[in-house]
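As structure tokens, the structure follows; a few thoughts come after it.
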Amino acid sequence: MNQPNFDDQRLIPILEKVKAGQRLPSEDGVTLYRTPDLLGVGYLANLVRERLHGDITFFNVNRHINPTDVCVASCRLCAFGKQKRNENSYTMSLEEVWHRAGEGYKEAVSEFHIVGGLHPELTLDWYCEMLRGLKQRYPDVHLKAFTMVEISYFAQRTKLSHREVLLKLKAAGMDSQPGGGAEIFSERVRRIICDHKIDGGEWLEIARISHELGLKTNCTMLYGHIESEVDRVDHLVKLRNLQDETGGFVTFIPLAFHPDNTSLEHIDKTTGFDDIRNIAVSRLMLDNIPHIKAYWVMMTPQIAQIAQRFGADDIDGTVVEEKIYHDAGATTSQSLRRGELLRLITEAGRVPFERDTLYRPVERTEAAFTILV
Ligand code: V47
């Protein structure tokens, strides 16, 4: 292996650890966040990414379903949630959810990604019925549903424990959970950007219970608002510690804060430099989480493409009808066709691998290809 020519000599001892497969301590995480030598950080992250996944970049064909944007929490970071009395809010009926999903089924999706606001009237039984209806109609589609924040709210409303809520949803058809709602675990920051949300400890505790019940989940970090580099590293290390215990996280997704239409609108948008850096640092710090996703909706397809050479091995999916980021001013398209994902991957010199939610290969029939290309 050629020795790289780092601009920042502080990366040399980190290279030695990366080459030896050693865990990086928090101080290295802070250095990786603060150095201007992004190419150096990317070089290190790419070593790990290629060691784990070679030239493969994963993607899937999925559809997002957001049954309601009514939310009792008014998080300052969010442009999606609305109060029930807001005439622009919406709540789908069960029939509507199943109908939307049917459009996804025609698009040959392998996953429905289902999250929504904390609705004060929809019951846990309603959500279970929604899942059962989806499974009955589309038995082959994986249901990745509900963040830890939603689980906590269902528990609060029903007076059941987190475990009981998760068991009910699992029995109704929930196959895994997305990684949202983690934001940043620092309580100081959380009090400002999402003070109505569960704290970081509860988010991690619910993830732990999910994993104990055999559910796989994703995890995220929201960056680019008022957090410091130390807060970011603290967040990554907390995820890494839980993963050591449970092994239940499949994919980490760093999420850039989009300020438009939120009450934090005065905050500058993240830069491409910071977006790429978050991919690279998370790949290096999260040595026990298999996949790092460059979510193209959030970082643009162009940056997601470059991220494949800076530590990311996944660029998410076709998505179809993304709402959370578009309400917060995202100017990216609301979906990408499978062919476009393939082009983003092959032009970066990577090999596309269509996966299901749990990273098993997806076999396509001729008929499915004619819809998808
Ligand atoms: O939990 C909300 C974030 C998350 C804003 O698991 C915002 O595969 C930026 O979790 N600006 C939802 N971010 C998205 C999410 C996700 C996305 C793609 C894949 C997966 C997965 C998970 O978006 C929320 C919150 O952290 N968010 N508002 C905003 N204004």
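We count ligands from 1, going down the list as the structure has it; atoms in each ligand are counted the same way.
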Original post:
Got the closest protein heavy atom to atom 11 (N) of ligand 1, with its distance?
Top reply: His258 N, 2.9 Å
Original post:
What is the closest protein heavy atom to atom 15 (C) of ligand 1, and at what distance does it sit?
Top reply: Leu255 CD1, 3.9 Å
Subject >> Polar atom proximity, Tyr295 to ligand 1 (N or O, under 3.5 Å) >> reply: no
Original post:
With ring centroids as reference points, do His235 and Tyr223 lie under 6.0 angstrom apart?
Top reply: no
Subject >> Nearest neighbour in protein (non-hydrogen) for atom 19 (C) of ligand 1 >> reply: His113 CE1, 3.7 Å
Original post:
Is the closest heavy-atom distance from Pro259 to ligand 1 below 4.0 Å?
Top reply: no
Original post:
Under 3.5 Å, N or O to N or O, is Ala79 touching ligand 1 that way?
Top reply: no
Original post:
Any N/O of Thr262 closer than 3.5 Å to an N/O of ligand 1?
Top reply: no
Original post:
In ligand 1, which numbered atoms sit nearer than 4.0 Å to a non-hydrogen atom of Ile253?
Top reply: 6 (O), 8 (O), 20 (C), 21 (C)
**OP:** Give the ring-plane orientation class for Tyr43 versus Phe6, where under 30° counts as parallel, over 60° as perpendicular and anything between as tilted.
**Re:** perpendicular
**OP:** Starting from Val362, walk the hydrophobic network (Ile, Leu, Val, Met, Phe, Trp, Tyr; side-chain heavy atoms closer than 4.5 Å) and list everyone else you reach, by chain and number.
**Re:** none
Original post:
Would you call Arg49-Asp313 a salt bridge at under 4.0 Å N-O?
Top reply: no
Original post:
Does Ala328 approach ligand 1 within less than 4.0 angstrom via side chain, backbone, both or neither, non-hydrogen atoms only?
Top reply: side chain
**OP:** Any salt bridge (charged side-chain N to carboxylate O under 4.0 Å, His left out) involving residues 53-82? Give me the pairs, sequence neighbours left out, ordered by first then second residue.
**Re:** Asp55-Arg350, Arg63-Glu103, Arg63-Glu107, Arg63-Glu321, Asp69-Lys82, Lys82-Asp327
Subject >> Within reach of ligand 1, part of Phe257 (heavy-atom separation under 4.0 Å) >> reply: both
Subject >> Polar proximity ligand 1 side, Lys293 side, N/O cut 3.5 Å exclusive >> reply: yes
Original post:
With the threshold set at 4.0 Å, does a side-chain nitrogen-carboxylate oxygen contact exist between Asp231 and Arg190?
Top reply: no
**OP:** State whether Glu229 and Arg232 are salt-bridged, where the test is any N-O pair (Lys NZ or Arg NE/NH1/NH2 against Asp/Glu carboxylate O) under 4.0 Å.
**Re:** no
Original post:
Is the gap between the ring centers of His119 and Tyr153 under 6.0 Å?
Top reply: no
Original post:
What is the nearest protein non-hydrogen atom to atom 6 (O) of ligand 1, stated with its residue, atom name and distance?
Top reply: Gly179 N, 2.9 Å
**OP:** Identify, for atom 12 (C) of ligand 1, the protein heavy atom at the shortest distance, and state residue, atom and that distance.
**Re:** Ile324 CD1, 4.0 Å
**OP:** Mark up the atoms of ligand 1 that fall under 4.0 Å of a heavy atom belonging to Leu222, in ascending order.
**Re:** 7 (C), 9 (C), 13 (N)
Subject >> Short N or O distance, Glu183 and ligand 1, threshold 3.5 Å exclusive >> reply: yes
Original post:
Closest non-hydrogen protein atom to atom 1 (O) of ligand 1, residue and atom name please, with distance?
Top reply: Gly181 N, 2.8 Å
**OP:** Measure the distance from atom 28 (N) of ligand 1 to every protein heavy atom, then report the residue, atom name and distance (to 0.1 Å) of the closest one.
**Re:** Leu77 CD1, 3.4 Å
**OP:** Identify whether the distance between the nearest side-chain nitrogen and carboxylate oxygen of Arg240 and Asp244 falls below 4.0 Å.
**Re:** no
Original post:
When Gln83 is tested against each of Cys71, Ser74, Ser89 for side-chain contact (heavy atoms from CB on, under 4.5 Å), which residue passes?
Top reply: Ser74
Original post:
Under a 4.0 Å N-O cut-off, is there an ion pair linking Arg132 with Glu129?
Top reply: yes
**OP:** Can you sort out which atoms of ligand 1 are near Pro178, meaning under 4.0 Å from one of its heavy atoms?
**Re:** 6 (O)
Original post:
Would Arg355 count as a cation-pi partner of Phe353, with NZ or CZ less than 6.0 Å from the six-membered ring centre and within 45° of the ring normal?
Top reply: no
Original post:
Heavy-atom contacts under 4.0 Å between Val297 and ligand 1: side chain, backbone, both, or neither?
Top reply: neither
Original post:
Quick one: which ligand 1 atoms are inside 4.0 Å of a heavy atom on Asn218?
Top reply: 6 (O), 8 (O), 21 (C)
Subject >> Nearest-contact summary for atom 10 (O) of ligand 1 - protein heavy atom, Å >> reply: Gly180 CA, 3.0 Å
**OP:** Determine, for Glu245 against Arg208, whether the closest basic-nitrogen to carboxylate-oxygen distance falls under 4.0 angstrom.
**Re:** yes
**OP:** Is it possible for you to say whether Val70 and Ile114 belong to one hydrophobic cluster, with membership spreading through side-chain heavy-atom contacts below 4.5 Å?
**Re:** no
Original post:
So is Lys144 close enough to ligand 1, meaning a heavy atom under 4.0 angstrom away?
Top reply: yes
Original post:
Should the proximity of Cys75 to ligand 1, defined as any heavy atom under 4.0 Å, be assigned to the side chain, the backbone, both, or neither?
Top reply: neither
